[in-house]
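Residue numbers run from 1 in the order of the sequence given. Whatever order the structure lists ligands and atoms in, that order sets their numbers, starting from 1.
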Amino acid sequence: MRVMFVAAEVAPFAKVGGLADVAAALPRALAELGVEAAVVAPKYRVVAERGKLSRAARFTVPVAGEEKPCTAYRGTLPKSKVPVYFLGHDPYFDRPGIYGEKGGEYPDSLARFTFLSRGALALAEALAWRPDVIHANDWHTALVPVYLRLGETGPRAKTVLTIHNLAYQGWFPADQASAIGLDAESIRLLAIGNQVNLLKGGIQAADLLTTVSPSYAVEILERGEGLEAVLRARKDDLVGVLNGVDYTVWNPARDPYLWAAYSADDPAGKTENKRRLRAELGLVDDGSPLVGMISRLAEQKGFDLVAQAFDRMMALGIQFVVLGTGDPRYEAFLQEAVDRYPGRAKALIAFSEEWAHRIEAAADIFLMPSRFEPCGLNQMYSLRYGAVPVVRATGGLKDTVHECDPVRDTGNGFTFTDYTADAMLEALGRAVHLFRRDPAAWRRLVQRGMREDHSWTRSAQVYLTLYERLLGQQNS
Ligand code: ADP
């Protein structure tokens, strides 16, 4: 089976968020299952700096009524033979940013991602590589299923569209829609009021829709950021599949960022990581549970609850360390709040891969009180690193973290449902209580989490089954 994976980001070449990790990890895992996979992404300026590329094809791509020249370059996903094709058109992609600069989006995003979507189809023709399935991701590539559905162009492939975060939909004023190159009748598939919404078009046109956790798949039918009616009309074709973890990167037994290696079978090194982190950050070594957070400082992630509850959290007798950047309001709040607890709380306002790994390794408890969370990765990293997750039961958090029952020795963390500071404090309180009162039960809880398997292999198998089902429909 041949699967073409089209995405606006792919790690390690061009990464802004989790999408880049999925666009690299899933095709690699599919290839291990025998799928002939290829990835298509834009050739941004950063890509040229990060990869060894060779020229693969030249062709043109129609955008806004003009034939734009495209040079496709070929690279390979690290640790695999999976080809990545980077579509080059310097006026669109040879820029310092990926989506924009200085907090703003590039004004020609519609033309840039029309080029990517149509260019992926043109690439298949140019290489005479006929995919059985084209797997598009988020609004940037939502036009791929639209073009194929309308029979405009491209190979006779089945299409899958994965929604990684419904909060981003690709809205553009209708007067820019000529970039897409569809007639007025077809454009209606995308229209909402006097705007076009690329995700809306993709949702209606794709043969199959997926999102990144089973719970989020259910939640977006209720609260679908304005697209709930469009999603409900496709609910029988919408499947939630959890993202996986790349355990070659997130494994405390072989993590170059840590001070000491450890594992479920040999957990002693975790204590050493905690000791070193405390020493480095000037936190006192007093046996209290260390609570960590690593996150974009965004509304979605629940920092308003942390702000409301901060003093009551500290009154539970915890230590607190947070790593994050984002909304200046939350940056300022965290800085001010931790300053009131010298030796017991610390905020690292930065983006740091190194400290992300170290905090996971040092923390006893990992807090993720998200308002919504399509999948979430950090709770899964936390499980492997022995940091017990305390999470709001929403989206992928609900699917991966289950309330601990210390008597029956079940569950892997602590959860709360209401989006309130009180509910969060109660869950955190249960975790702190068990940590202090029953160290043996706590150790067993940590071990259960560390032994769980959230690798990509299982998720890739689910995607493969979905593709097979789609192709079966085609042949019957
Ligand atoms: P989202 O994609 O909504 O930001 P996820 O939990 O799915 O949330 O993925 C976030 C990823 O970004 C994780 O790998 C997390 O460790 C990482 N991350 C977020 N903030 C930082 C930071 N300040 N420093 C390092 N890594 C970060």
Original post:
Among Thr159, Thr141, Thr162, whose side chain to side chain donor-acceptor pair (under 3.5 Å) with His135 holds?
Top reply: Thr162
Original post:
Got Lys270 and Pro252 here, is their nearest side-chain heavy-atom distance under 4.5 Å?
Top reply: no
**OP:** Ignoring hydrogens and angles, tell me if any N or O in the side chain of Glu219 forms a donor-acceptor pair with the backbone of Gly395 under 3.5 Å.
**Re:** yes
**OP:** Any salt bridge (charged side-chain N to carboxylate O under 4.0 Å, His left out) involving residues 351-370? Give me the pairs, sequence neighbours left out, ordered by first then second residue.
**Re:** Lys274-Asp364, Glu354-Arg358
Original post:
Applying a 4.0 Å heavy-atom criterion (strictly less than), which segment of Tyr381 is in contact with ligand 1: side chain, backbone, both, or neither?
Top reply: side chain
**OP:** Just jot down the ligand 1 atoms closer than 4.0 angstrom to any heavy atom of Gly324, in number order.
**Re:** 23 (N)
Original post:
Tell me, which protein residue and heavy-atom name are nearest atom 2 (O) of ligand 1, and how many Å apart are they?
Top reply: Gly18 N, 4.0 Å
Subject >> Minimum-distance protein heavy atom relative to atom 17 (C) of ligand 1 >> reply: Asn378 OD1, 4.3 Å
Subject >> For Arg392 against Arg371, the heavy-atom pair lying closest together >> reply: NH1-O, 2.6 Å
**OP:** Please report which non-hydrogen protein atom sits nearest to atom 20 (N) of ligand 1, along with the residue it belongs to and the distance in Å to one decimal place.
**Re:** Ser295 C, 3.5 Å
Original post:
atom 5 (P) of ligand 1: protein heavy atom closer than 4.0 Å?
Top reply: yes
Original post:
Hey, is the main chain of Glu228 close enough, under 3.5 Å, to the side chain of Arg223 for a donor-acceptor pair?
Top reply: no
Original post:
What's the shortest distance from atom 8 (O) of ligand 1 to any protein heavy atom, and which residue and atom give it?
Top reply: Lys301 NZ, 3.1 Å
Subject >> Subset of ligand 1 atoms that lie under 4.0 Å from at least one heavy atom of Ala350 >> reply: 22 (C), 23 (N)
Atom pairs and distances, donor-acceptor, side-chain atoms in residues 15-28, under 3.5 Å, two or more places apart:
unit_1	atom_1	unit_2	atom_2	d
Lys15	NZ	Asp21	OD1	3.2
Lys15	NZ	Asp21	OD2	2.8
Arg28	NH1	Pro78	O	2.9

Subject >> Closest to atom 9 (O) of ligand 1 among Leu397, Asp246, Leu377 (heavy-atom distance) >> reply: Leu377
Subject >> For atom 27 (C) of ligand 1, the protein heavy atom that lies nearest, with its residue and separation >> reply: Phe351 CE1, 3.4 Å
Original post:
Does Arg95 make a cation-pi contact with Tyr44 (under 6.0 Å, within 45 degrees of the axis)?
Top reply: no
Original post:
Closest non-hydrogen protein atom to atom 24 (N) of ligand 1, residue and atom name please, with distance?
Top reply: Ser352 N, 3.0 Å
